Amino acid sequence: MSSPLGVLRRLTVDRKPAVAAGERCEMCAETIAAEHQHVVNVEGRQLLCVCRGCYLLFTDQNATLRYRAVPDRYLRFPGFTISHGEWDALEIPVGLAFFFDNSALGRTVAFYPGPMGATESELPLDEWRTVLDRHPEIAVAVPDVEALMIRVPERGTAEAACLLLPIDACYEFVGRMRMLWRGFDGGQDVHRYLDEFFDAVSARARPGGV
């Protein structure tokens, strides 16, 4: 079985860009447009570009299915806070990471962007549970298809933020970061893209936990 890190590498390094207009659904071969939806192969951690009809077959999140539709839900959590100690305890070496529940592994997986794409962190689950216990409102991500993005700017944890977004948006973000990365810390283009991405997602998201 492929690891989450291996899947992210395939998606961000080996996989071709999103299917162009006029190409085919990866399930039924129906023509799909450049803007289309995705499903996740839960066992293989593969992201498939699909038509609307195939997407709708896998929208029941309570069913036991090999594939799951990636929803189009964006949430922000204005009351979220995290201390330096809590962030350091998660053993994330940079100021941003994604967290999602991998049902095949039966645990939460964390990954963060870098020059090689996505790097998986050995997430201390007890420490992650401490964060969730203090902020139960963020524990709403659907396994396999949604992720929590936590950002802790260099300016300090007082400006930390948490967003919920679809897993395909995470893959797109990580791939773009890898393309832009220069030098030790990514360079100006990476920092600019990070700010633009975070602002765009925050503007799109509705308040969660209300």
Side-chain angles (χ1 to χ4, degrees), residues 3-9 11-12 45 74-144 146-167 169-178 180-202 205 207-209:
S3 69
L5 177 57
V7 172
L8 285 166
R9 282 177 173 166
L11 287 167
T12 59
R45 300 304 312 164
Y74 292 79
L75 300 177
R76 50 187 168 83
F77 303 94
F80 178 81
T81 60
I82 191 167
S83 68
H84 280 295
E86 287 175 320
W87 186 251
D88 291 343
L90 295 176
E91 300 179 8
I92 307 293
V94 297
L96 182 143
F98 294 97
F99 305 82
F100 71 95
D101 292 332
N102 185 317
S103 62
L105 297 178
R107 64 180 176 88
T108 301
V109 174
F111 61 94
Y112 58 89
M116 299 303 294
T119 300
E120 184 179 354
S121 172
E122 294 295 330
L123 181 66
L125 296 182
D126 288 343
E127 303 298 338
W128 176 240
R129 174 53 57 186
T130 297
V131 175
L132 294 182
D133 287 345
R134 195 161 66 81
H135 288 289
E137 73 276 9
I138 73 172
V140 293
V142 178
D144 303 305
E146 292 182 327
L148 292 169
M149 173 184 181
I150 297 181
R151 184 186 185 191
V152 183
E154 294 180 359
R155 296 181 294 272
T157 59
E159 298 185 44
C162 179
L163 300 167
L164 179 146
L165 61 163
I167 197 69
C170 300
Y171 294 155
E172 180 181 353
F173 170 83
V174 171
R176 183 63 175 164
M177 289 280 280
R178 182 182 183 277
L180 295 173
W181 198 281
R182 298 292 183 273
F184 177 75
D185 68 347
Q188 292 183 350
D189 287 345
V190 157
H191 292 287
R192 185 181 305 111
Y193 173 68
L194 175 56
D195 288 338
E196 291 173 352
F197 178 88
F198 196 86
D199 289 346
V201 172
S202 297

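For this chain, numbers begin at 1 and follow the sequence in order. Note that this is a predicted model, so its numbers are computed, not measured.
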[X] side-chain N/O to [Y] backbone N/O, donor-acceptor pair under 3.5 Å:
X	Y	answer
Arg76	Leu163	no
Glu86	Ser83	yes
Trp128	Ala110	no

Please assess Glu196 against Val201 for the test side chain to side chain contact (heavy atoms under 4.5 Å, CB included), listing each intermediate value before the final yes or no.
-> CA-CA 9 Å; Glu196 291 173 352; Val201 172; over 6 Å; no
Return the [atom1] to [atom2] distance between [X] and [Y], rounded to the nearest 0.5 Å.
X	Y	atom1	atom2	answer
Arg45	Asp144	CZ	CG	5.0 Å
Glu146	Phe98	CD	CZ	13.5 Å
Phe173	Phe198	CZ	CZ	10.0 Å
Leu148	His135	CG	NE2	12.0 Å
Ile82	Phe80	CD1	CZ	4.5 Å
Ser202	Met149	OG	CE	8.0 Å

What pair of heavy atoms forms the shortest contact from [X] to [Y], and how long is it?
X	Y	answer
Ala169	Tyr74	CB-OH, 3.9 Å
Asn102	Ala104	OD1-N, 3.0 Å
Glu122	Glu91	O-OE1, 3.8 Å
Tyr193	Met177	CD2-SD, 3.7 Å
Arg134	Thr81	NH2-O, 2.9 Å
Leu90	Pro124	O-CD, 3.4 Å

Given Val174 and Phe111, is the side chain to side chain contact (heavy atoms under 4.5 Å, CB included) satisfied, shown in steps?
-> CA-CA 10 Å; Val174 171; Phe111 61 94; 3.9 Å; yes
Asp133 atom CG, over 12 foreign heavy atoms within 6.0 Å = yes
Going through the distances and angles, do Val140 and Leu164 end up as a side chain to side chain contact (heavy atoms under 4.5 Å, CB included)?
-> CA-CA 8 Å; Val140 293; Leu164 179 146; 3.8 Å; yes
With sequence neighbours left out, the residues meeting side-chain hydrogen bond (donor to acceptor under 3.5 Å, both in side chains) with Ser121 are none
Stepwise side chain to side chain contact (heavy atoms under 4.5 Å, CB included) test for Tyr171 and Ile167 | CA-CA 6 Å; Tyr171 294 155; Ile167 197 69; 3.7 Å; yes
For Phe197, is the NZ or CZ atom of Arg176 found under 6.0 angstrom from the centre of its six-membered ring and inside 45 degrees of the ring axis?
-> no
Can you tell if the side chain of [X] reaches within under 4.5 Å of the side chain of [Y], non-hydrogen atoms only?
X	Y	answer
Arg151	Leu194	yes
Pro143	Phe100	no
Leu96	Pro113	yes

Among Val131, Leu123, Val109, side-chain contact (heavy atoms from CB on, under 4.5 Å) partner for Phe99 | Leu123
Would you say the side chains of Thr108 and Arg129 form a donor-acceptor pair under 3.5 Å?
-> no
Partners passing salt bridge (Lys or Arg N to Asp or Glu O under 4.0 Å) against Arg182 (at least two apart in sequence or in another chain) = none
